[in-house]
Amino acid sequence: MQRKNIEIWVGIFMLVGIAALVMLAVQVSAAGSGANKSYRLEARFDNVGGLNVKAPVMIGGVRVGRVGDIWIDKEDYVAVVGLDIDKQYDTLSVDTGASILTSGLLGAQFVGLSPGFSDIYLEQGDTLELTQSAIQLESLISQFMFSQGKDPGKDSRKDPGKDPGKDPGKNNSNDQSQQEN
């Protein structure tokens with residue numbers, strides 16, 4: 001009899017656990033879908049770098065949405081990023097800019113929005129016109145390495161008419177005093 005009670009309680013415990021997991025799965029899938037809680041904007045970039053779907057969309061470090069999709073426009077071959085913006089941030093102006101940024105030096109990438117000042121607001125399906133593509137670390141390093149040794153303000157050729165030992169900006173009074181002695 002006691003063994004049967006234990007089996008019943010174990011069965012009840014398992015059913016409650018399974019029901020809790022099902023409820024958790026439904027809650028997570030409803031929160032992730034964003035149905036009726038967000039609106040879609042699009043942004044076109046020459047290079048999205050390592051940006052991933054579900055990456056955060058931020059304004060001033062505060063998450064205001066997520067990246068919904070990333071695809072290539074078949075007409076002009078640029079990357080198009082679908083941004084799912086939370087409905088509470090529905091007053092983004094049409095001159096809002098989007099940049100692909102990186103958290104820290106080698107961190108994850110996200111989309112940063114820079115709100116504009118227009119009185120006209122973005123709506124479902126609008127495209128952000130002001131965008132800045134991802135900055136590639138390799139490009140920055142190569143620009144730095146190839147620019148070393150070059151000073152854009154100076155001409156590397158020497159003027160043959162100048163005395164290399166004298167600096168025209170200095171007062172060369174020591175030269176005169178040595179000649180007088």
Side-chain angles (χ1 to χ4, degrees), residues 20-157 168-169:
L21 288 175
V22 168
M23 286 180 54
L24 179 66
V26 169
Q27 291 293 326
V28 167
S29 67
S33 68
N36 296 330
K37 295 181 182 178
S38 65
Y39 63 101
R40 172 64 63 103
L41 299 175
E42 292 181 359
R44 304 166 69 80
F45 297 96
D46 291 329
N47 185 349
V48 294
L51 186 68
N52 293 318
V53 173
K54 296 198 177 190
V57 177
M58 300 181 141
I59 297 176
V62 177
R63 191 184 75 75
V64 297
R66 293 221 175 262
V67 173
D69 289 318
I70 302 173
W71 69 94
I72 295 289
D73 185 347
K74 293 182 180 178
E75 290 180 17
D76 55 5
Y77 296 101
V78 296
V80 182
V81 177
L83 307 172
D84 295 329
I85 307 297
D86 296 343
K87 281 275 191 197
Q88 66 186 13
Y89 303 106
D90 61 353
T91 56
L92 291 173
S93 62
V94 293
D95 56 349
T96 296
S99 303
I100 298 177
L101 304 170
T102 304
S103 302
L105 185 59
L106 298 173
Q109 291 189 319
F110 65 94
V111 177
L113 298 181
S114 301
F117 298 101
S118 175
D119 293 334
I120 302 169
Y121 300 131
L122 291 165
E123 296 177 1
Q124 170 75 25
D126 284 349
T127 300
L128 297 173
E129 299 295 329
L130 304 170
T131 60
Q132 182 180 2
S133 294
I135 296 174
Q136 295 179 334
L137 186 60
E138 296 87 8
S139 298
L140 289 176
I141 291 171
S142 67
Q143 282 179 348
F144 176 75
M145 290 181 68
F146 290 120
S147 69
Q148 291 297 332
K150 293 182 182 177
D151 189 359
K154 293 185 178 178
D155 190 3
S156 60
R157 297 173 293 166

Original post:
Do you know the tightest heavy-atom contact between Ala98 and Val111?
Top reply: CB-CG1, 4.2 Å
Subject >> Set of side-chain hydrogen bond (donor to acceptor under 3.5 Å, both in side chains) partners for Asp95, sequence neighbours left out >> reply: Ser93
Original post:
Does Thr96 reach the side chain of Leu130, with side-chain heavy atoms less than 4.5 Å apart?
Top reply: no
Original post:
If every non-hydrogen atom of Tyr39 is compared with every non-hydrogen atom of Tyr89, which pair is closest and at what distance?
Top reply: OH-O, 2.7 Å
**OP:** Please name the pair of heavy atoms, one in Met58 and one in Gly61, separated by the smallest distance, quoted to 0.1 Å.
**Re:** CE-O, 3.8 Å
**OP:** Quick one: list whatever passes side-chain contact (heavy atoms from CB on, under 4.5 Å) with Ile141, sequence neighbours left out.
**Re:** Leu137, Met145
Subject >> Heavy-atom pair with the smallest gap, counting every atom of Thr102 and Gly107 >> reply: CG2-O, 3.2 Å
Subject >> With sequence neighbours excluded, residues passing side-chain contact (heavy atoms from CB on, under 4.5 Å) with Asn47 >> reply: Ser133, Gln136
Subject >> Test side-chain contact (heavy atoms from CB on, under 4.5 Å) applied to Thr127 - qualifying residues, sequence neighbours left out >> reply: Glu42, Arg44, Glu129
**OP:** Return the set of residues passing side-chain hydrogen bond (donor to acceptor under 3.5 Å, both in side chains) with Asp86 (not counting sequence neighbours), or none when no residue passes.
**Re:** none
Subject >> Under the side-chain contact (heavy atoms from CB on, under 4.5 Å) test, residues paired with Ile59 that sit two or more places apart >> reply: Val64, Leu92, Leu113, Pro115
Original post:
With Phe45, which of Val80, Leu128, Ile100 fulfils side-chain contact (heavy atoms from CB on, under 4.5 Å)?
Top reply: Ile100
Original post:
Can you name the nearest heavy-atom pair linking Asn52 to Ile70, along with the distance?
Top reply: C-CD1, 3.9 Å
Original post:
Taking only residues at least two apart or on different chains, which pairs with a member in residues 58-69 satisfy salt bridge (Lys or Arg N to Asp or Glu O under 4.0 Å)?
Top reply: Arg40-Asp69
**OP:** Can you tell me which residue pairs pass the side-chain hydrogen bond (donor to acceptor under 3.5 Å, both in side chains) test with a partner in residues 105-123, sequence neighbours excluded?
**Re:** none
Subject >> Least distance between heavy atoms, Ala79 atom then Val48 atom >> reply: CB-CG1, 3.6 Å
Original post:
So among Asp84, Val57, Leu83, which one has a side-chain contact (heavy atoms from CB on, under 4.5 Å) with Ser38?
Top reply: Asp84
